[in-house]
Each structure stands twice: as C-alpha cells, then as structure tokens.
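Inspection log for the structure reproduced underneath, given as structure tokens.
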2 protein chains.
Amino acid sequence: MTKQPRRIGIADVASRAGVSLATVSRVMNGSFTVDRGIAARVRAAAEDLQYHPNPLGRSLALGKSETIGILVPDLANPMFQAVLRGVSMAAARDGYRVLIADSSETSSEEHVLASDARRRGDGVVLCAPRMSDEELEALAPTLQPMVLINRTLSGAAPTLTVDYADGIRALAEHLFAQGHRKLVFLSGPESSASNRLRLQGLEQFTAEHPEVSLQILPGGVSFASGHGAVHDVLATQATGVLAFNDLVAMGLLSGLHEQEVSVPGEMSVTGFDDIEFSAYTSPPLTTATVPLNELGEQAWQRLHEMLHPSAEGTAVESGAAAGTVFPTTLQVRGSTGPVPGA
Amino acid sequence: MTKQPRRIGIADVASRAGVSLATVSRVMNGSFTVDRGIAARVRAAAEDLQYHPNPLGRSLALGKSETIGILVPDLANPMFQAVLRGVSMAAARDGYRVLIADSSETSSEEHVLASDARRRGDGVVLCAPRMSDEELEALAPTLQPMVLINRTLSGAAPTLTVDYADGIRALAEHLFAQGHRKLVFLSGPESSASNRLRLQGLEQFTAEHPEVSLQILPGGVSFASGHGAVHDVLATQATGVLAFNDLVAMGLLSGLHEQEVSVPGEMSVTGFDDIEFSAYTSPPLTTATVPLNELGEQAWQRLHEMLHPSAEGTAVESGAAAGTVFPTTLQVRGSTGPVPGA
DNA sequence: GTGAAAGCGCTAACAG
DNA sequence: CTGTTAGCGCTTTCAC
C-alpha cells in the first residue's frame, strides 16, 4: 500500500515540463495555439506523471460538470431501470455521466434528492416524480435545465409522456372484444400521474360501454401487490383484470396459479409497460408496449439541446415545454382469452 | 422563463446577513462557535435567498464529494441492476450518491470509465470488470479506495465474490441426481471471471462423475444468446442444459417452447443468479440464488469503511484485501425434472 | 466569536 | 505563442 503523498496536479506537470500552468491547461484541452514542441514536452510530462485533470477543479472553473442527474421513484422497477438505461446510454454517447437518485417512492424525499442531483450536475431528468403539482411547480425553476418524464407541467420544461389512457383503453377493448363484461382495474399509486391517466382512459371506456362493469381495486406497483390482490380480485367475480403494470400482473399471475385459477381459461390478465420479461411469464403477458428505452434516450436528447442550444428552431421548441407523447401498442399474448363459457 | 442573473452564492447570503463569508460557512456547517443571534440571522438570509451551498465548491475545498462511482458491464442485465440498487440504497442511507458508468461489455472502455468515475467521487466499486488481470492490477492503485465485485486481486482491494463454482456444481449435481448424463453448458463471456469459476466447478463435477458427458457451447449473457443457441443445444442430444445465467436460460426456454420441446419433459434447463423474474417464467426456473442486493450493500459497506476508517480492527481487515465469498443456494423449480424415459 | 486571506485544481482573459 | 493573474464557490487556519 504505497501511499501517494498528494494527488498530482497540473502544477506538477507544469514544473516538470518547465512551463506555466496555463500552457499545460491549454495542451490538455487541445488548444492549437501551443508550440508543437512544447506541447509534446507537456504531454510527455503528463504521461510520466500519470496526470489526469481533476474533474472537480475543472467543473468549478468551467461552470459545468458534464454530468446530469436522474431521479426515479424506484430503482427496483424494471420500467425505471429501462428508462435509466436509455438516458445513461444516450448521455454517455455525448460524453456525459449520470448520477442516480432513487426516492424509494417517498415523495417527501424527492425535493432534496432532485435539488442535490441537479446542483451536482448540469441538468436533471425527473422520472415520474410523485410530488404534488404545487411542489413540482415551485421546484421547477430551481432545477432548470430539466426534462420531465411521465409528468406534465405547463411551459416549464420539456415533457415526455406516454399515452397511458389510450393504452389501457386498448387493453380494455381487447378484453371487451373477447366477451369480458366484468372487469377489475388494479390501480397504482395515487400520486402517480400515469395512474391518473389510466383511470381517465378507463372512464372513457366505460362511458362507451355502459354494459361493462369495471371495479377499481387499490393496488400497487410491485409483484407483491399483485400477488396480494388475488383474493380481492377473485371476490369480484370479474373475468378480466387490468393490472397497473407488468409487475403487478405477474404477481397476480403467480397468485392465481397458486389458487389454481387457470389463465386465460378462467381469468384474463393484462399488464402495462411490456418490460422485457413479460414475454417470458406463463402464460406470456398481454400488455401495452411502452418504448421505455426511447423515452430515456429522448429525455437525454432534450436535455442535450437545452445544454447546447444549436442553431435551428430547437430554441423555440425546447425552450418552452415541447411536449411529446409516446403512443403505446397493444401486445396480445397468452394471458388473455375469451370469457369463460363463451 | 425568468432568467436568474447568476446563481446565488455564499457571498450573497453573507452580505444580506451583514457578516463575513466565513461566518455563513460556519453556520451552514453547523459550527457551534457562532453567536446564536448571528446564526439565526444567517439562516434567515439563506432561507430568503433560497441559498443552497454549491456542492462543487464544497467538494473542491473539502477534497471529497460524498459521491462514489460504480462501473458495470451492462446496465440491461438485471443481475447488475440488482447490485447497483444494493449499492445505491446503502450509500444513500449514509448520505452518498452514486455515479454510474456502463461499459456495455466493452473492456477497452472500462479503464477510462472507471478512472473518470473514480476521480469525480471519493471511491469506486468495480462490478465484474472484464479487463485483464494485468490491466486491473495496473489500474488498481490509481482507483483507491475501491472495492471489487466478482473479481479478485491479491491484496489490492476488498473483494466480494460469489461461489460460482459451487453453485454450478450444485446445479449439475441436481441434474445428475435426476438421471441426466448428457449435459451442456452454455458458457458466458471469456473475459468474465465468474464464467471461469463456473468452468472450474464443472471440471470438478465431471472429474467426480466420469460417466457424465458435458459439452461446452459458446454462449453469451442475454436472452438473445440463449434463444439463438437452441439448435446447437438440440444437436448435442443432451437432456440437461446449464445456462450461464437466468437470462440465457430464459431465452433458451423460449426457444425450446417454439421448437415444441417440452421442459422439463424432454429437456431440463437451469439458470444462475435467481433474478427476480426467474420465479415467473414457464416453467419457473431452477437456478442458483445469488444474494445480489446484499452484494451491493456489502460493497458499499466496505467502501464506507475505507472512507471513514473507524477505531477497531477494520483498518486491518479492510486495508488489505478482505475477501468475502458469498455462497449460493440451489433453487429447484419447475424447469428441471427426471431424465426422459427414466 | 468573527473576519481576512489563503487555497482546493483548474480555466480564461489579458498582457507581453 | 506563453506566462501572469484573477477568479469559480467554498472551507479553514490565523489573527483580532
């Protein structure tokens, strides 16, 4: 364990190369206004000393760190993992890193986590923040530049949303077409905007199909909540259940299996998101596909534009809230089928 | 879009409160050597101005950022997601944030990614780095403090590994006990240390059971590679296949299903890792459980100790390579069964 | 108890 | 083309 006396800095390189700090800085930043010979000498010195500029000092001087933050409600959820991955990959391509902040579905933590993540980087993406509209609105100005995923905020920031209403409607219509008339929706967190959108979609659906009975059961976001809802679901006598997301659907599937309720023979189940695993459950899950990775990549794209405003209308577009809503696509697999006795 | 003239800093608070910068700093850091009245005035000013110390300036002055980096080979892999999550949660509990670096299985990128992540924070955890031993050894000193997951390095850093050899052996023994004598191993990346350990375990297994034929097929780490291996696997006439990990096993499962090969009727399949979804495939996957989250949490624990050396023997323990090897546990589910015709 | 000043490591005018 | 100097925003001796 050889203890390095002190981290070597730009000054060490400067003195070793017999030049000033400024020159070293110039060389390290690829400035072409440096004599070839000197530059070579500096590079050699840097090499010898194994010198790498300290990003902190650099960031402080430049006023930017080429780092962005991302706030997610729950890193355990594959949906957010996919978005994170999209953001991370896209940002990396442009030389940016990402700092993660997981609020563990605790909306009261979001404020401080988001602020911190923002202050340590050049921007932030808020993924499905659970905080109230008022809080978000108050926080927004201090977070700029930022982009919002699964949440809207008039004019404050670029917004990437998913057409959850349409997606759940499509799922419900699919069940309807299979003859189901008694449905259950296992709802997500009240604080989730995407859950509200699903509820809107279902409202429209029921309005268009008065003969359908739709019961809403409090649910959750995880396997466990789906698994735990089995008895309540069975008690409703429904033949089709729309789960808040794939995880809940999978938990339910597993619970139904334990109760020896056959899917889709006796009951049809749908998920939402189409996380990678949905294709591998038994039976494979009928769900609504959300372009998760693309959501993340687009989020970075927007942030990138704000960070480096380029010539064209981008300024106009992204300066205000350039909202994009991603469509979902119905993915019919084995977990849904005709209503029993049809 | 009201543009803030300039981010408000400590100086603004100081002048507003009519004190010096030093005093503000003291108050913000909870120093008790400040007059109660003054302190209150400062706090009020900070509140009014919505002042929050700039972490960058702070970090530069203090020489630490309360941030750590983590390098993973592939953020798309649930195995690494689980570890990341463990690290992130544990670090967050101690007030630390994590910066992620995804090398996309490109070992040539690891060097620069790891260095950067390290320099931006106070330490780094390298998760299953793919780089060569020589490279790792050369890099290690510049990365301290760091902790290694799924990789060993004599004396250089705390090391957290999994007993992959024993795990795969247990899986093979399980198949053996079910009567299987013709097995296939779908191997992982050559550069993966955990893959080498699996191979060692299998070597021991075949040595103990000369009557077993074990064929090794080049595989991969993903669904796709498992799915793509179906024909090669079938061509071997094997009755049991050990996949590198759960993902590969799931891909294989899906491919076998398409070929109408029944599992476990005609073929038994095992995974490795026991990612959350393994319990939900059809049939559910027999696998070896790896304590993924704990691996991440322990990684943070170690790093934390290095960052804040506490009284006791910890120095002795963690200063050198305090290696911990986590055992796996055999998880028998539906994807394995008696050899056909048994 | 509080302020002045030096410094963390680097970049960016501004002179020469 | 290169060196000097002044910060970036904060913490911390060291005097007062």
Side-chain angles (χ1 to χ4, degrees), chain A residues 4-46 49-67 115-116 118-122 142, chain B residues 4-46 49-67 115-116 118-122 142:
Chain A
Q4 287 168 289
R6 220 190 62 243
R7 207 133 192 106
I8 88 121
I10 200 174
D12 304 294
V13 181
S15 71
R16 184 177 231 269
V19 296
S20 73
L21 304 188
T23 299
V24 177
S25 173
R26 283 191 269 259
V27 173
M28 298 309 291
N29 292 301
S31 164
F32 286 100
T33 79
V34 182
D35 180 273
R36 309 261 309 172
I38 308 250
R41 222 167 65 219
V42 170
R43 257 187 287 275
L49 265 34
Q50 288 263 56
Y51 169 72
H52 295 276
N54 178 327
L56 251 56
R58 219 163 167 279
S59 298
L60 191 55
L62 290 175
K64 60 172 181 185
S65 57
E66 312 224 294
T67 298
S115 296
D116 181 75
R118 169 61 187 85
R119 301 185 63 75
R120 284 173 192 273
D122 305 335
T142 77
Chain B
Q4 287 167 288
R6 220 189 65 244
R7 209 138 191 100
I8 87 124
I10 199 174
D12 304 296
V13 181
S15 72
R16 184 176 231 268
V19 297
S20 74
L21 305 188
T23 299
V24 177
S25 173
R26 284 191 266 260
V27 172
M28 297 309 291
N29 292 300
S31 165
F32 288 101
T33 79
V34 181
D35 180 272
R36 309 263 308 173
I38 308 251
R41 222 166 64 218
V42 170
R43 258 188 287 275
L49 264 33
Q50 288 263 56
Y51 169 72
H52 296 276
N54 177 329
L56 251 55
R58 216 158 170 282
S59 298
L60 190 57
L62 291 174
K64 60 172 182 183
S65 56
E66 313 224 293
T67 298
S115 296
D116 181 76
R118 168 60 187 85
R119 302 184 63 73
R120 283 174 193 274
D122 305 337
T142 77

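First the proteins, then the strands, lettered A, B, ... as listed; each starts at 1. Keep in mind it's a predicted model, so treat the numbers as computed, not measured.
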ask   = Which residues, if any, of residues 20-34 of chain B bring a heavy atom under 4.0 Å of DNA chain C?
value = B:Ser20, B:Ala22, B:Thr23, B:Arg26, B:Thr33, B:Val34
note = Hits for side-chain hydrogen bond (donor to acceptor under 3.5 Å, both in side chains) against A:Arg16, two or more places apart or cross-chain, chain-then-number order -> A:Asp48
remark   = Between CD1 of A:Ile8 and C1' of C:dC10 the distance, given in whole Å, is 13 Å
ask   = Who are the side-chain hydrogen bond (donor to acceptor under 3.5 Å, both in side chains) partners of A:Ser20, not counting sequence neighbours?
value = A:Thr23
message = Tell me the interatomic distance from A:Leu60, atom CG, to D:dT11, atom C1', rounded to whole angstroms.
response = 13 Å
task = Quickly work out the B:Ile10 CD1 to D:dC8 P distance and round it to whole Å.
result = 13 Å
key: Phosphate OP1/OP2 of D:dG9: any B:Arg58 side-chain N/O under 4.0 Å   = no
inquiry  = Contact between B:Arg120 and A:Ser59 at the side-chain level, heavy atoms closer than 4.5 Å - yes or no?
reply    = yes
key: d(CG, B:Asn54; P, D:dG9) in whole Å   = 7 Å
inquiry  = Between A:Arg41 and A:Val19, is the side-chain contact (heavy atoms from CB on, under 4.5 Å) condition met? List the steps.
reply    = CA-CA 9 Å; A:Arg41 222 167 65 219; A:Val19 296; 3.6 Å; yes
For atom CZ of A:Arg119 and atom P of D:dC10, their distance in whole Å = 7 Å
inquiry  = Nearest to the B:Ile38 side chain among D:dC10, C:dC10, C:dT2, which nucleotide is it?
reply    = C:dT2
task = Name all pairs fulfilling the side-chain hydrogen bond (donor to acceptor under 3.5 Å, both in side chains) condition that reach into residues 27-37 of chain B, sequence neighbours left out, sorted by first residue then second.
result = B:Ser25-B:Asn29, B:Asn29-B:Arg58, B:Ser31-B:Thr33
request  = Could you check how far CZ of A:Arg120 sits from C1' of D:dC10, rounded to whole Å?
outcome  = 13 Å
query = Rounded to the Å, how far apart are A:Asp12 CG and C:dC8 C1'?
reply = 14 Å
key: salt bridge (charged side-chain N to carboxylate O under 4.0 Å, His left out) involving B:Asp122 - partner list, sequence neighbours excluded   = none
query = What is the nucleic acid contact for A:Leu62, judged by heavy atoms within less than 4.0 Å: base, sugar-phosphate only, or nothing?
reply = sugar-phosphate
query = Looking at the side chain of B:Asp35, which of C:dG1, D:dG9, D:dG7 is the nearest nucleotide?
reply = C:dG1
inquiry  = If the condition is salt bridge (charged side-chain N to carboxylate O under 4.0 Å, His left out), which residues does A:Arg119 pass it with, not counting sequence neighbours?
reply    = none
